[in-house]
Amino acid sequence: MILRENPVLIRELLVNLRSSRSFLLQLAYVVFLGVVVYFAWPAGEEATNQVSPGVSQRLFNLFFLGQFFLVALVAPTFAAGSITGEKERKTYELLLASPLEPSTILVGKLLSSSTYLVLLIISSLPLMILCFLLGGILLSEIARAYLVLILAAGTFGLISVACSSFFGRTSSALVVSYLVILPLALITVTVTQTDDVVLRDFVSIAVLPPWCIAIWVIVGLLINRRLLFPPDVGSEGKEVIDEEEEMKYAVGVVIDRELFPDMLFAPAKRTDLMPDGTNPVLDKELRSEIFSQGTLMLRLVIQVSMFLSIPLMAYLLFLRPELTGYYVGYVLMFNLLVGPVFSSGSITQERERKTLGLLLTTLLKPGTIVIAKLLASARVSTVLTFLLTEQLLLAYILIPELRDRWWTLLIFLSLIAATCVTTTTVGLLCSALSRRTAVAMVVTYLALLALFIGPVGLVWYLQGYTALSEERLASLTITSPFAAAMSIPIPSSDDGQPYTPSFLGSTALDLSIGSKTLSVPIWVAYLAMTPVIVVVLNVLTYLAFRWRWWRAGMSI
Amino acid sequence: MIEVRNFTKRYGDFVAVDDLSFSIGEGEIFGFIGPNGAGKSTTIRFLATLLRPSSGEGYIAGHSVVEDPMAVRKVIGFMPDDFGVYDGMKVWEFLDFFAVAYKIPRSSRKKIIAEVLELLDLTHKRDDYVNGLSKGMKQRLCLAKTLVHDPPVLILDEPASGLDPRARAEMKALLTELRSMGKTILVSSHILPELADFVTSIGIIERGKLLAAGSVQEIQRQLRAHRRLQIRILDSDLAHAEAILRADDKVRDITGYDHTLTAEVDGGDTEMARLLQHLIGSGVSVQSFAEVEMTLDEVFMTVTKGIVN
Ligand SMILES: Nc1ncnc2c1ncn2[C@@H]1O[C@H](COP(=O)(O)OP(=O)(O)OP(=O)(O)O)[C@@H](O)[C@H]1O
Ligand SMILES: [Mg+2]
């Protein structure tokens with residue numbers, strides 16, 4: 001019953017695999033990998049001789065890392081919506097009320113969401129074999145890599161399904177899954193990719209599988225219970241969340257609208273009518289809707305990110321202050337993760353909840369609505385992100401090397417602020433262009449990855465292969481706040497030399513004005529570029545909203 | 001007050017609404033009636049400035065729905081058939097939100113909110129969360145929302161669906177009262193009797209086409225082209241008469257009971273006269289020959305059945 005004749009599994013597999021989109025995605029993936037191999041393939045003389053193991057090893061590592069992070073990034077996009085999607089479409093109760101066993105539902109959801117991923121992974125096998133033919137890699141090495149990948153796909157998928165069963169909205173489930181999965185992914189990569197061969201074999205073969213199975217069992221049981229005894233959601237199938245009630249049972253961080261800093265992102269609820277001239281949409285978003293799905297997601301996000309920041313702070317700020325840029329990188333990563341949650345749903349959700357028709361027939365101008373959405377989501381994501389800069393401030397006060405260079409703190413803070421605005425803006429644009437929140441969210445993440453991380457990866461990859469100067473290459477990274485953060489020089493406490501990460505090459509780019517060439521640090525370029533990008537994107541969002549929705553939509 | 005001219009809406013190849021034209025005078029209550037999928041909501045959303053027409057125009061209080069949506073939004077109160085509410089908001093906050101969105105100054109807002117809550121019998125729910133209301137209460141809340149800016153035109157898509165019988169009666173009374181305040185109201189429904197006793201005019205739509213429109217009496221006159229006959233015949237001629245009727249291609253749905261034959265006739269006065277003549281001419285002893293007054297609902301059923309068959 002669980003595997004055969006599982007209606008959930010069959011329906012989802014049909015829908016997922018039948019769509020031409022999934023086929024195209026797979027094709028694009030294989031073609032992409034093929035292109036990478038083609039360019040990395042040793043050419044000319046090298047090819048005829050036995051190549052050095054370094055090349056194939058490097059290619060293989062690149063493949064493994066790429067696929068591993070692909071799994072970490074893509075597994076939640078498939079699985080985090082698997083149950084929340086049913087809730088959003090209001091089919092969840094039909095499913096629960098049917099005589100299907102919870103385990104059938106769970107297995108159906110899990111397999112259907114990870115099958116595609118496993119197919120993707122397996123479709124890369126021929127290319128991995130090509131690397132094997134280059135020599136320098138053991139077959140067992142490839143087997144080990146695939147074992148780790150498959151375990152990761154299963155574990156990450158299951159974690160996402162668990163989040164999906166605990167939250168009401170796909171966006172919340174997606175973010176919390178990412179927040180749990182990314183640290184796990186980083187740990188796994190560090191222990192399975194060390195140069196110590198014995199250690200990494202031991203970990204991947206003897207440690208990882210039992211741990212994964214233990215996680216599967218525990219999480220599986222949790223989900224099973226959740227599906228068997230769903231929370232009481234009232235007659236309309238929608239949970240009505242009373243904040244004060246919820247806070248009484250909250251574990252750990254408690255959000256109190258009256259206290260600093262919570263009041264910065266969640267102003268107190270009104271007890272009386274709004275004053276004249278208020279932007280009603282902004283007021284509604286901040287005071288009513290931010291916790292409409294409960295505070296659980298936000299509390300989890302704050303707790304997990306704070307918890308992770310402590311070891312990072314100890315190492316990156318206090319032990320090796322020259323790595324401050326990496327700590328800022330962590331803060332940026334956090335923003336990359338949570339920023340889109342608040343913005344990418346803000347327009348699509350009005351449509352999904354069927355309130356758009358009510359909103360659009362009022363006298364509100366499209367600009368008022370878009371600005372309100374922008375301000376509300378930028379405010380929440382910025383305040384949450386800046387909660388993590390507390391550690392940065394502390395380090396600048398306590399550590400002399402940093403205190404001497406206090407102005408770099410200002411640069412770091414402006415970098416973070418600029419990034420907050422960018423993530424929100426990109427999310428809002430995607431929200432104005434999409435019809436569904438889940439789509440808007442995934443597109444936002446992809447766009448942000450392409451803007452923020454893609455250039456850094458590209459530069460790192462191109463370094464060995466191109467004749468372009470490092471400064472030329474650096475100009476590719478002006479959209480990446482990560483590159484900008486790493487480009488701010490902080491002298492090391494040992495030798496006084498600033499630390500430059502190897503993947504950047506140069507921390508400055510060449511700008512030619514007329515005949516003169518100017519060397520501009522990446523962070524200057526980034527800070528100069530961001531306002532332009534933000535303004536352009538916001539204008540696009542306004543136009544998109546106006547023409548797509550506000551001015552007599554197609555059908556809402 | 002409301003005018004629709006040649007409105008057509010296509011979804012791909014499918015024509016949801018086909019060349020619809022009608023107009024509603026000031027102070028009327030227009031009942032827009034049709035079965036599921038007839039195109040009511042499509043037309044209503046077009047009038048509410050939410051839907052782009054494939055072709056055609058619409059005017060409300062002289063403003064073009066397509067060209068000047070902002071002016072139209074100012075004069076209409078719109079209630080969709082399927083709508084959601086915001087999460088985490090209480091009833092009074094919900095109304096306050098829309099009142100601000102309609103630019104009503106704070107000084108008058110308090111009074112208006114209290115009034116509409118009272119009008120829709122929601123005062124006791126003032127401090128409840130909107131997403132915890134039952135369906136019928138949400139329906140009433142949405143109607144309350146359409147009234148906050150006191151619009152001269154109300155466009156209501158199935159306002160009575162989900163209401164209990166008492167609330168339906170109250171809804172009728174409310175709409176009648178709103179009319180007496182001078183408002184023009186367009187209200188849609190599937191069920192004719194629900195509207196029949198308080199609307200001033202009706203439009204019947206089926207598969208995107210307007211079958212009939214006008215005042216209730218006018219519609220009945222238009223439908224004169226279609227009548228129900230009751231013929232009493234002496235016992236001996238019953239079989240003969242039935243055979244004659246069955247042979248006539250203008251007559252359908254013949255049923256016999258006791259001495260009486262009932263039948264539907266496609267055609268007007270001349271057709272009736274011809275039929276009577278034909279019966280008598282064939283030597284049938286007709287005891288009585290009468291047209292049966294149809295209720296509005298029956299007219300509706302007959303008309304729409306004609307299309308479907
Ligand atoms: N977005 C769409 N794409 C394709 N067809 C649509 C779309 N929206 C509506 N339709 C079709 O248009 C027709 C008219 O729909 P409409 O919602 O106006 O009917 P209705 O009279 O309001 O029905 P009901 O009484 O069920 O509410 C239907 O056949 C429907 O299937
Ligand atoms: Mg409808």
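Throughout, protein chains are lettered first and strands after them, A, B, ... in sequence-line order, and every chain is numbered starting at 1.
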From the list B:Pro105, B:Pro69, B:Gly77, the residue making the most non-hydrogen contacts under 4.5 Å with chain A is B:Pro105
Does a donor on one side chain sit under 3.5 Å from an acceptor on the other, for B:Thr184 and B:Glu28? no
Counting heavy-atom pairs under 4.5 Å with chain B, the top scorer among A:Glu350, A:Gln349, A:Lys284, A:Glu352 is A:Lys284
If one checks every heavy atom of B:Lys90 against chain A at 4.5 Å, the contacting part turns out to be neither
Relative to each other, are the rings of B:Phe32 and B:Phe30 parallel, tilted or perpendicular (30° and 60° limits)?
tilted
Whatever's closer than 4.5 Å to a heavy atom in chain A on B:Ile104 counts as backbone
Does a donor on one side chain and an acceptor on the other come within less than 3.5 Å for A:Ser343 and A:Ser377?
no
So, the part of B:Lys103 with a heavy atom under 4.5 Å from chain A: the answer is side chain
When the 4.5 angstrom heavy-atom criterion is applied to A:Asp272 and chain B, the contacting part is both
_Donor-acceptor side-chain pairing of B:Ser41 and B:Asp157 below 3.5 angstrom_ = yes
Under 4.5 Å to a heavy atom of chain A? For B:Val130 that would be neither
**Request:** Would you confirm whether the ring centroid of B:Tyr102 sits within less than 6.0 angstrom of the ring centroid of B:Phe98?
**Result:** no
Max heavy-atom pairs within cutoff under 4.5 Å with chain A, candidates B:Lys145, B:His149, B:Met79, goes to B:Lys145
For residues 42-64 of chain B, the ring-ring contact (aromatic ring centres under 6.0 Å, His included) pairs (sequence neighbours left out) are B:Phe7-B:Phe46
